[in-house]
Amino acid sequence: MTGSIPYRKLSPEAIPPSYGTASAAGADLHVLTKDPIEIRPGETVLLHTGIALALPEGFVGLVFARSGLATKRDLAPANKVGVIDSDYRGELMVPLHNHGKETQTLLPGERIAQLAVIPYLTATFTEVESLTETERGEGGFGSTGRT
């Protein structure tokens with residue numbers, strides 16, 4: 001499925017979101033900075049992208065870690081998954097956290113996260129006396145016997 005998402009560059013140096021391949025689910029988000037940014041171990045830095053979006057109603061933007069950045073450099077969004085609502089028109093920002101033991105340096109324009117645009121359902125929550133029965137029932141974490 002394809003579609004057009006209007007965006008605005010808040011700075012001339014901002015790099016628009018882009019897909020690495022034709023089948024990529026997430027579009028890369030790039031850091032907006034003129035100078036390298038250091039992130040020390042255990043530190044979270046709120047990074048600018050210089051991009052604002054107009055997501056269509058009924059869609060959400062989910063900001064995920066870039067797998068290479070997370071596995072090779074221990075950098076991932078501090079909030080694990082960022083949620084961009086369709087009525088938000090501000091700058092996309094990424095709180096990147098260094099989970100590792102070494103200071104990491106981000107260069108201007110470096111890819112810092114990926115954005116997936118996904119349809120969602122707005123639910124109506126209805127209180128009931130009981131819920132339908134399932135095989136799992138009330139079993140919680142690890143209750144299926146699968147890891």
Side-chain angles (χ1 to χ4, degrees), residues 1-37 39 42-100 104-144 146-147:
M1 177 194 280
T2 61
S4 179
I5 304 288
Y7 74 91
R8 189 164 69 96
K9 288 174 85 170
L10 305 176
S11 168
E13 294 83 21
I15 300 171
S18 61
Y19 294 93
T21 67
S23 296
D28 291 324
L29 298 177
H30 302 260
V31 66
L32 175 65
T33 182
K34 291 183 174 155
D35 300 309
I37 297 173
I39 306 176
E43 182 180 35
T44 299
V45 176
L46 189 58
L47 301 172
H48 294 266
T49 67
I51 297 293
L53 300 175
L55 295 170
E57 193 171 323
F59 287 80
V60 62
L62 299 178
V63 179
F64 295 101
R66 292 196 67 253
S67 58
L69 206 59
T71 58
K72 296 176 184 172
R73 295 177 56 196
D74 296 314
L75 296 174
N79 54 345
K80 306 306 177 209
V81 177
V83 175
I84 303 166
D85 297 311
S86 62
D87 59 351
Y88 177 67
R89 294 297 182 268
E91 181 181 14
L92 302 185
M93 307 271 288
V94 178
L96 208 59
H97 183 79
N98 184 346
H99 294 274
Q104 296 292 328
T105 302
L106 295 173
L107 301 176
E110 190 163 346
R111 298 175 298 167
I112 55 170
Q114 55 184 331
L115 171 69
V117 179
I118 299 171
Y120 68 89
L121 169 71
T122 300
T124 300
F125 296 93
T126 306
E127 183 177 5
V128 296
E129 292 294 322
S130 64
L131 301 174
T132 58
E133 296 291 324
T134 66
E135 185 178 327
R136 182 175 183 174
E138 295 180 17
F141 299 107
S143 65
T144 63
R146 300 178 202 138
T147 54

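We're numbering straight along the sequence, starting at 1.
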Which pair of heavy atoms, one from Leu55 and one from Gly61, lies closest together, and at what distance? CD1-N, 3.4 Å
Might you confirm whether atom OH of Tyr7 has over 12 heavy atoms from other residues, nucleotides or ligands at distances under 6.0 Å? no
Is it the case that the side chain of Thr49 and the backbone of Leu92 share a donor-acceptor pair, with hydrogens and angles ignored and the cut-off at 3.5 Å? yes
In terms of heavy-atom contacts, Gly20 and Asp28 come closest through N-OD2, 4.3 Å
Would you name the heavy atoms of Pro16 and Ala14 that are closest together and state the gap between them? CD-O, 3.8 Å
Atom pair CD (Glu91) and OG (Ser11), whose distance is rounded to the nearest 0.5 Å: 9.0 Å
Not counting sequence neighbours, which residues clear side-chain contact (heavy atoms from CB on, under 4.5 Å) with Tyr19? List them please. Ala24, Ala27
Taking all non-hydrogen atoms of both residues into account, name the closest pair between Ser86 and Gly58 and its distance. OG-N, 4.3 Å
I want to check something: taking the side chain as every heavy atom from C-beta on, are Val83 and Leu62 in contact at a cut-off of under 4.5 Å? yes
Check the pair Val45, Leu96 against side chain to side chain contact (heavy atoms under 4.5 Å, CB included), reporting the backbone distance first and the verdict last. CA-CA 5 Å; Val45 176; Leu96 208 59; 5.7 Å; no
Using side-chain heavy atoms (C-beta onward) and a distance below 4.5 Å, is Ile112 in contact with Pro77? no
To the nearest 0.5 Å, what is the distance between CZ on Phe59 and CG on Leu53? 13.5 Å
Mind listing the closest non-hydrogen atom pair of Gly109 and Ile15 along with its distance? CA-CD1, 3.6 Å
Residues in salt bridge (Lys or Arg N to Asp or Glu O under 4.0 Å) contact with Glu13, at least two apart in sequence or another chain: none
Identify the two heavy atoms, one from Ile51 and one from Pro17, that lie closest to each other, and give their separation to 0.1 Å. CG2-CD, 4.1 Å
Distance in Å, His48 NE2 paired with Leu46 CG, rounded so as to fall on 0.5 Å steps: 6.0 Å
To the nearest 0.5 angstrom, please state how far the CD atom of Gln104 sits from the CD1 atom of Ile37. 13.5 Å
Which residues pass the ring-ring contact (aromatic ring centres under 6.0 Å, His included) test with His97, sequence neighbours left out? His99
For Arg66, is there any backbone N or O sitting under 3.5 Å from a side-chain donor or acceptor partner on Gln114? no
Side chain to side chain contact (heavy atoms under 4.5 Å, CB included), that's the test. Do Leu115 and Ile84 meet it? Break it down for me. CA-CA 9 Å; Leu115 171 69; Ile84 303 166; 3.9 Å; yes
Flag if over 12 foreign heavy atoms under 6.0 Å of NZ, Lys9: yes
Does any part of the side chain of Leu75, heavy atoms only, come nearer than 4.5 Å to the side chain of Leu106, both counted from C-beta? yes
Find the distance between CG (Leu131) and CD (Glu133) and round it off to the nearest 0.5 Å. 8.5 Å
Measuring only between side-chain heavy atoms, which start at C-beta, is Glu110 closer than 4.5 Å to Thr105? no
Once you round to the nearest 0.5 Å, how far does CG of Leu47 lie from CD1 of Ile39? 5.5 Å
